Q: 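Below: one structure in structure tokens.
Keep in mind that what you see is a predicted model, and the values were worked out from it rather than measured.
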Amino acid sequence: MKLTYAEAINRAIREEMRKDPTVFCIGEDIGIYRNRSGQNRVCKGLLDEFSEERIIETPIAESSILGSAVGAAMFGMRPIAEVMIGDFIITAGEHLIYGGCRGAAHNGGLKFPLIVMAPYGGDREGEPAQQECVEPVYASTPGLKIVMPSNAEDAYGLMKSSIRDDYPVLFLMHNVMLHGEQIPYEIPDGEYYTPLGKASVKKEGSGVTVVAWGNMANRALDAANELEKENISAEVIDLRTILPLDIEAVMASANKTGKVLIVHESRKIAGFGAEVMAQVAEAAGDKKIIIERLAGPDIHANVPPRTEAIMDRIRKMA
């Protein structure tokens, strides 16, 4: 079966909505506006099948969207709240952090099956807004899972697992896959669930371990494939979810290669790569493992590392 990134997410939501009447979508322009698809196209056609009772169109008011979703989750529903642009989750962050995540903890483990899905990141250098990487802002929130699929196959399986999860999930969809060239990718037929917190080895290698997520996992894979022509072997680990972090998979590769390059799109200072770096160093103990980071610059715009920059860093480490 061939589906684009957005189509794969749409298929996962549609299948789960058919199975479970407590699953519903709420967000901006996901119903009658934008050709019944929403800006990000992940809700395309859902209104026609599930009606306005389960595809709830809202004004551009992120705080109202997440506040409503948290309330619904408290009373047994499974809301999927779409925020049109990831940058603006911050205007509703109190509902995600205090309402959902801490609400569950402070109420004896009360279930909060809440998904907040939003696009993030980009490919236009110097874009001042609407292409931010928001994961570092929420990565220190206890109880929150953060999912960042790099391809259509993982997007489908991870969305299915996120909807089934009983606690808050921040499901981040990369703008390049959503709004770039819409290429259908081959994904397995039939239903499958990709477990949260399980990394994927995208390419095996022996010289350097490259750890990445989101679109940087794709660029890391491109870099590793190109460097094979130079007899440089790099193993690429796609985290897929940064919370939970699959440090076991990272260390299995790190212990083999002895060198780890962490590549992420967000700014270097306080980016999630620092947490990965720290956990690798702690897990390594007395074993010497070289660890480096490659990230976006600390400026007021999102500038993702290019494939060529990843290749240069791997060459130096190798």
Side-chain angles (χ1 to χ4, degrees), residues 133 135-150 154 158 170 172 194-228 230-298 304-318:
C133 292
E135 73 276 11
V137 179
Y138 304 101
S140 62
T141 303
L144 180 65
K145 297 179 176 69
I146 301 181
V147 179
M148 304 178 72
S150 65
D154 288 342
L158 290 167
L170 180 56
L172 296 175
T194 303
L196 307 184
K198 185 70 174 176
S200 172
V201 180
K202 307 299 289 187
K203 183 181 185 302
E204 293 187 355
S206 58
V208 179
T209 296
V210 185
V211 180
W213 52 93
N215 196 41
M216 291 300 99
N218 297 325
R219 291 191 178 177
L221 183 59
D222 289 342
N225 286 333
E226 283 296 313
L227 288 171
E228 263 193 336
E230 303 175 23
N231 294 319
I232 296 174
S233 178
E235 182 154 293
V236 179
I237 307 292
D238 181 356
L239 291 182
R240 301 197 291 196
T241 67
I242 63 170
L243 295 177
L245 172 62
D246 190 355
I247 192 63
E248 290 81 10
V250 174
M251 291 310 300
S253 180
N255 288 327
K256 177 174 66 173
T257 65
K259 300 174 183 178
V260 177
L261 173 63
I262 301 158
V263 181
H264 61 88
E265 185 170 339
S266 63
R267 295 165 186 83
K268 186 175 183 179
I269 293 179
F272 193 76
E275 178 61 29
V276 180
M277 197 174 199
Q279 290 201 29
V280 171
E282 289 171 351
D286 294 334
K287 184 173 182 178
K288 184 177 180 181
I289 295 178
I290 298 170
I291 318 169
E292 295 188 11
R293 284 178 290 170
L294 178 62
D298 296 305
R306 295 293 176 184
T307 302
E308 294 76 14
I310 301 172
M311 292 173 64
D312 287 343
R313 187 63 69 87
I314 294 172
R315 286 191 190 100
K316 292 175 182 177
M317 294 185 71

Q: Do Ser266 and Glu135 have side chains that approach each other closer than 4.5 Å (heavy atoms only, starting at C-beta)?
A: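 Counting from C-beta outward, Ser266 and Glu135 do come under 4.5 Å.
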Q: Side-chain contact, heavy-atom cut-off 4.5 Å: Leu172 with Trp213?
A: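 SC-SC contact between Leu172 and Trp213 ruled out.
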Q: Of the non-hydrogen atoms in Pro195 and Leu158, which two are nearest, and what is the gap between them?
A: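 For Pro195 versus Leu158, the nearest heavy atoms are O-CD2, 3.9 Å.
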Q: A side-chain contact here means heavy atoms from C-beta on lying under 4.5 Å apart; do Lys198 and Thr194 qualify?
A: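 Result no, sub-4.5 Å side-chain heavy-atom pair not found.
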Q: Taking C-beta and beyond as the side chain, do Glu230 and Arg315 meet within less than 4.5 Å on heavy atoms?
A: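 Yes, side chains in contact.
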Q: Starting at CG of Leu243, measure out to CG of Leu170 and round the result to the nearest 0.5 Å.
A: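 If I round to the nearest 0.5 Å, the distance is 9.5 Å.
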Q: Please lay out, stage by stage, how Asn215 and Asn218 fare under the test side chain to side chain contact (heavy atoms under 4.5 Å, CB included).
A: CA-CA 5 Å; Asn215 196 41; Asn218 297 325; 3.3 Å; yes
Q: Between Pro244 and Lys145, what is the shortest heavy-atom contact and its length?
A: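 Distance-wise, the nearest heavy atoms are CD-CG, 4.1 Å.
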Q: Would you mind reporting whether Val260 and Ile290 have side-chain heavy atoms less than 4.5 Å apart?
A: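 They are not in side-chain contact.
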Q: Strictly by modelled atom types, are Glu235 and Ser253 linked by a side-chain donor-acceptor pair under 3.5 Å?
A: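 There is such a pair (donor and acceptor under 3.5 Å, judged by atom type) between the side chains of Glu235 and Ser253.
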Q: Going by an N to O cut-off under 4.0 Å, is there a salt bridge joining Asp154 and Arg240?
A: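 Here Asp154 pairs with Arg240 in a salt bridge, since their nearest N and O are under 4.0 Å apart.
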Q: Roughly how far, to the nearest 0.5 Å, is the NZ atom of Lys256 from the CD atom of Glu204?
A: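 The distance works out to 5.5 Å.
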Q: Less than 4.5 Å apart, side chain to side chain, heavy atoms only: is that true for Lys203 and Asn225?
A: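 In short, these two side chains touch, coming nearer than 4.5 Å.
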Q: Between Ala234 and Val210, which heavy-atom pair has the shortest distance, and what is it?
A: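 Closest approach of Ala234 to Val210: CB-CG2, 4.2 Å.
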Q: For the residue pair Asp238 and Ser150, what are the closest heavy atoms and their distance?
A: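 Result for this residue pair: OD2-OG, 2.6 Å.
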Q: Nearest 0.5 Å please: distance from the CG atom of Leu261 over to the CE atom of Met277.
A: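 These two atoms lie 9.5 Å from each other.
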Q: If the test is side chain to side chain contact (heavy atoms under 4.5 Å, CB included), which one of Ile247, Val147, Ile262, Val211 qualifies with Leu239?
A: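 The residue from Ile247, Val147, Ile262, Val211 that satisfies side chain to side chain contact (heavy atoms under 4.5 Å, CB included) with Leu239 turns out to be Val211.
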Q: For the residue pair Ile232 and Met311, establish whether any side-chain heavy-atom pair is separated by less than 4.5 Å.
A: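 No; the side chains remain at least 4.5 Å from each other.
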Q: Please give me the minimum heavy-atom distance between Pro305 and Arg219, naming the atom from each residue.
A: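 Looks like O-NH1, 2.8 Å.
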Q: Identify the two heavy atoms, one from Ile237 and one from Thr209, that lie closest to each other, and give their separation to 0.1 Å.
A: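 Closest approach of Ile237 to Thr209, heavy atoms only: CG1-CG2, 4.0 Å.
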Q: If I take atom CZ from residue Phe272 and atom CE from residue Met148, how far apart are they, to the nearest 0.5 angstrom?
A: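 Between atom CZ of Phe272 and atom CE of Met148 there are 9.5 Å.
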Q: With side chain to side chain contact (heavy atoms under 4.5 Å, CB included) as the criterion, how do Asn255 and Ile289 come out once you've worked through the C-alpha distance, each side chain's angles and the decisive distance to 0.1 Å?
A: CA-CA 8 Å; Asn255 288 327; Ile289 295 178; 3.8 Å; yes
Q: Nearest 0.5 Å please: distance from the CG atom of Asp222 over to the CD atom of Glu308.
A: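 Here the rounded value is 9.5 Å.
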Q: Can you tell me how far apart CD (Glu226) and OG1 (Thr307) are? Round to the nearest 0.5 Å.
A: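 The OG1 atom of Thr307 is 9.0 Å from CD of Glu226, to the nearest 0.5 Å.
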Q: Counting C-beta onward and ignoring hydrogens, is there a side-chain heavy-atom pair between Thr241 and Ile146 closer than 4.5 Å?
A: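 Result no, sub-4.5 Å side-chain heavy-atom pair not found.
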